[in-house]
Amino acid sequence: MEGGIEHRMVRVNGINMHIAEKGEGPVVLFIHGFPELWYTWRHQIIGLAARGYRAVAPDLRGYGDTDAPLSHTSYTVFHIIGDLTALIDSLGQEQVFVVGHDWGAIIAWYLCLLRPERVKALVNLSVVFRPRNPEKKPIQVFREALGDDFYICKFQEPGVAEAEFASIDTAKLMKRFLTSRSPGPFLMPKGAFRYSADKEIALPSWLLEEDVNYYANKFNKTGFTGGFNYYRAFDLNWELSAAWTGVQVKVPVKFIVGDLDLTYHMPGVKDYIHKGRFKKDVPFLQELVIIEGAAHFINQERPDEITMHIYDFIRRF
């Protein structure tokens, strides 16, 4: 599925970045999560281009056809925001609309904190803003709440998650991730993840074998270390962002999450969203959408619905 999407490489912030783009008009920058690629936005790129926008979706550093520095210390939010700011410059834009999902949502929150003047409005999917806790590092918080088998904790040790993922057929691994509908925390007890990924998985109507194979072919070439490095930089980001403790996100925001999304069921998240603290940290939160029966990979599971949600919001600005 290409639908006239064009591909090129751009030089940004000292690395070569692959971008997919289509359309003419105001720029909408799409930021993918883990374990994904520009491809996660394939439907939205075509949908927004058809509605008069220029949709641009990079492979983030460490992913797909974009350069992948080896050390996790090259994956701080300052590096990623540097890449994206340089990309926005290369597109000849002062400001863009931003759409993020999963890790892309985390990056988008940081982009709005660090460079709010570059963002016209934000539509974020799945991951809420997490204000910096000055008392505890993020990995400690995750360990205390969800244990050492929680996937973010499991990803910390270089080589461990790589070995586990390498022992599983990559197409099966991608199916296991993309089709998961369990709202509980994603735990990876030793060997259990491989066992669950090895079972035959029937694909839902919204995911084709060719989609799975696109991801699998790219990750077969790159491995998953680039993606893991985002998680391995969690505590480093916490250290580096001390000066932004308590700073609000001050761009117009629409937030969308599925009610079966595991992120929505993380300890404290529902209270944070529904009891006023989210709105306090993100004062220009204008719309909050909880989509019934939708899981984590919501932009792929409900492509037309998400495209319309994005369009309905950004066309006001």
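Note that these values count all heavy atoms, side chains included, but never hydrogens, waters or copies made by symmetry.
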Is [Y] reachable from [X] through a run of hydrophobic residues whose side-chain heavy atoms are each under 4.5 Å from the next?
{"X": "Y230", "Y": "V160", "answer": "no"}
{"X": "F150", "Y": "W238", "answer": "no"}
{"X": "I201", "Y": "L208", "answer": "no"}
{"X": "F284", "Y": "F278", "answer": "no"}
{"X": "V99", "Y": "I81", "answer": "yes"}

Side chains of [X] and [Y]: closer than 4.5 Å at any heavy-atom pair?
{"X": "N229", "Y": "T225", "answer": "yes"}
{"X": "L29", "Y": "Q93", "answer": "no"}
{"X": "K270", "Y": "K275", "answer": "no"}
{"X": "F255", "Y": "I273", "answer": "yes"}
{"X": "F142", "Y": "P185", "answer": "no"}
{"X": "H101", "Y": "F297", "answer": "yes"}
{"X": "P252", "Y": "R316", "answer": "no"}
{"X": "R11", "Y": "D67", "answer": "yes"}

Heavy atoms from other residues, nucleotides or ligands near [atom1] of [X] exceed 12 (cutoff 6.0 Å):
{"X": "E24", "atom1": "CD", "value": "no"}
{"X": "E94", "atom1": "CD", "value": "no"}
{"X": "E292", "atom1": "CD", "value": "no"}
{"X": "R51", "atom1": "CZ", "value": "yes"}
{"X": "L70", "atom1": "CG", "value": "no"}

### Task
Output all residues satisfying ring-ring contact (aromatic ring centres under 6.0 Å, His included) with Y231, sequence neighbours left out; order by chain, then residue number.
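Once residues adjacent in sequence are excluded, the partners of Y231 under the ring-ring contact (aromatic ring centres under 6.0 Å, His included) criterion are F34, W103, Y151, F155.
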
### Message
Taking ring-ring contact (aromatic ring centres under 6.0 Å, His included) as the definition, give me every residue that meets it alongside Y311, ordered by chain and number, with sequence neighbours left out.
### Response
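By the ring-ring contact (aromatic ring centres under 6.0 Å, His included) rule, Y311 matches no residue at all.
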
For [X] and [Y], test the side chains for any donor-to-acceptor distance below 3.5 angstrom and give the result as yes or no.
{"X": "S182", "Y": "S180", "value": "no"}
{"X": "D211", "Y": "Y39", "value": "yes"}
{"X": "H296", "Y": "S126", "value": "yes"}
{"X": "Q300", "Y": "R42", "value": "yes"}
{"X": "E287", "Y": "H309", "value": "no"}

### Query
Between I314 and Y53, does a side chain to side chain contact (heavy atoms under 4.5 Å, CB included) hold up when you go through it step by step?
CA-CA 10 Å; I314 66 175; Y53 291 88; 3.6 Å; yes

Measure across [X] and [Y] and return the closest heavy-atom pair with its distance rounded to 0.1 Å.
{"X": "I298", "Y": "I306", "result": "O-CG1, 3.6 Å"}
{"X": "G62", "Y": "Y75", "result": "CA-OH, 3.5 Å"}
{"X": "N299", "Y": "Q44", "result": "O-NE2, 2.9 Å"}
{"X": "D65", "Y": "D59", "result": "N-OD2, 3.1 Å"}
{"X": "C153", "Y": "G147", "result": "SG-O, 3.6 Å"}
{"X": "G293", "Y": "D259", "result": "N-OD1, 2.7 Å"}

### With R277 via salt bridge (Lys or Arg N to Asp or Glu O under 4.0 Å) - residues at least two apart
none

### Summary
Between the CD1 atom in I80 and the OG1 atom in T85, the distance rounded to the nearest 0.5 Å is 11.0 Å

### Message
Angle between ring planes, F186 versus F177, binned at 30° and 60°: parallel, tilted or perpendicular?
### Response
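Answer is perpendicular, since the angle exceeds 60°.
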
### Query
Taking the inter-plane angle between the rings of F219 and Y215 on a 0 to 90° scale, is it parallel (under 30°), tilted (30 to 60°) or perpendicular (over 60°)?
parallel

Quick one: does any side-chain atom of [X] pair with a main-chain N or O of [Y] as donor and acceptor, under 3.5 Å?
{"X": "T307", "Y": "P303", "result": "yes"}
{"X": "H32", "Y": "L60", "result": "yes"}
{"X": "W109", "Y": "V249", "result": "no"}
{"X": "T76", "Y": "N237", "result": "no"}
{"X": "D281", "Y": "Q248", "result": "no"}
{"X": "R132", "Y": "A243", "result": "no"}
{"X": "N124", "Y": "A105", "result": "yes"}
{"X": "N13", "Y": "H79", "result": "yes"}
{"X": "N16", "Y": "M9", "result": "no"}
{"X": "D149", "Y": "L187", "result": "no"}

### Message
Show, in sequence, the C-alpha distance, side-chain angles and deciding distance for K190 and E164, and conclude whether the salt bridge (charged side-chain N to carboxylate O under 4.0 Å, His left out) test is met.
### Response
CA-CA 9 Å; K190 195 165 177 59; E164 178 113 15; 5.7 Å; no

### Task
Take I5 and I46 through the side chain to side chain contact (heavy atoms under 4.5 Å, CB included) test and state the conclusion after the steps.
CA-CA 8 Å; I5 296 173; I46 291 168; 4.1 Å; yes

### Task
Evaluate the salt bridge (charged side-chain N to carboxylate O under 4.0 Å, His left out) criterion for residues D89 and R118: first the C-alpha distance (whole Å), next the side-chain angles of each, then the deciding distance (0.1 Å), finally the verdict.
CA-CA 10 Å; D89 288 343; R118 307 309 298 263; 2.7 Å; yes

### Task
Show the numbers, then the answer: is there a side chain to side chain contact (heavy atoms under 4.5 Å, CB included) between S241 and Y110?
CA-CA 9 Å; S241 62; Y110 273 108; 4.0 Å; yes

### Query
Does NZ or CZ of R302 lie under 6.0 Å from the centre of the six-membered ring of W206, at an angle within 45° of the ring axis?
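No, cation not above the ring by the 6.0 Å, 45° rule.
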
### Step-by-step salt bridge (charged side-chain N to carboxylate O under 4.0 Å, His left out) determination, R143 to D148
CA-CA 6 Å; R143 277 194 207 284; D148 290 339; 3.0 Å; yes

### Query
Does the salt bridge (charged side-chain N to carboxylate O under 4.0 Å, His left out) test come out yes or no for K250 and E117, once each step is laid out?
CA-CA 10 Å; K250 288 197 169 169; E117 77 285 358; over 6 Å; no

### Query
Can you check side chain to side chain contact (heavy atoms under 4.5 Å, CB included) on K254 and Q286, steps first, answer last?
CA-CA 6 Å; K254 177 174 188 169; Q286 296 184 7; over 6 Å; no

### Task
Tell me, with the steps shown, if F78 and W244 meet ring-ring contact (aromatic ring centres under 6.0 Å, His included).
CA-CA 13 Å; F78 291 109; W244 285 268; 5.7 Å; yes

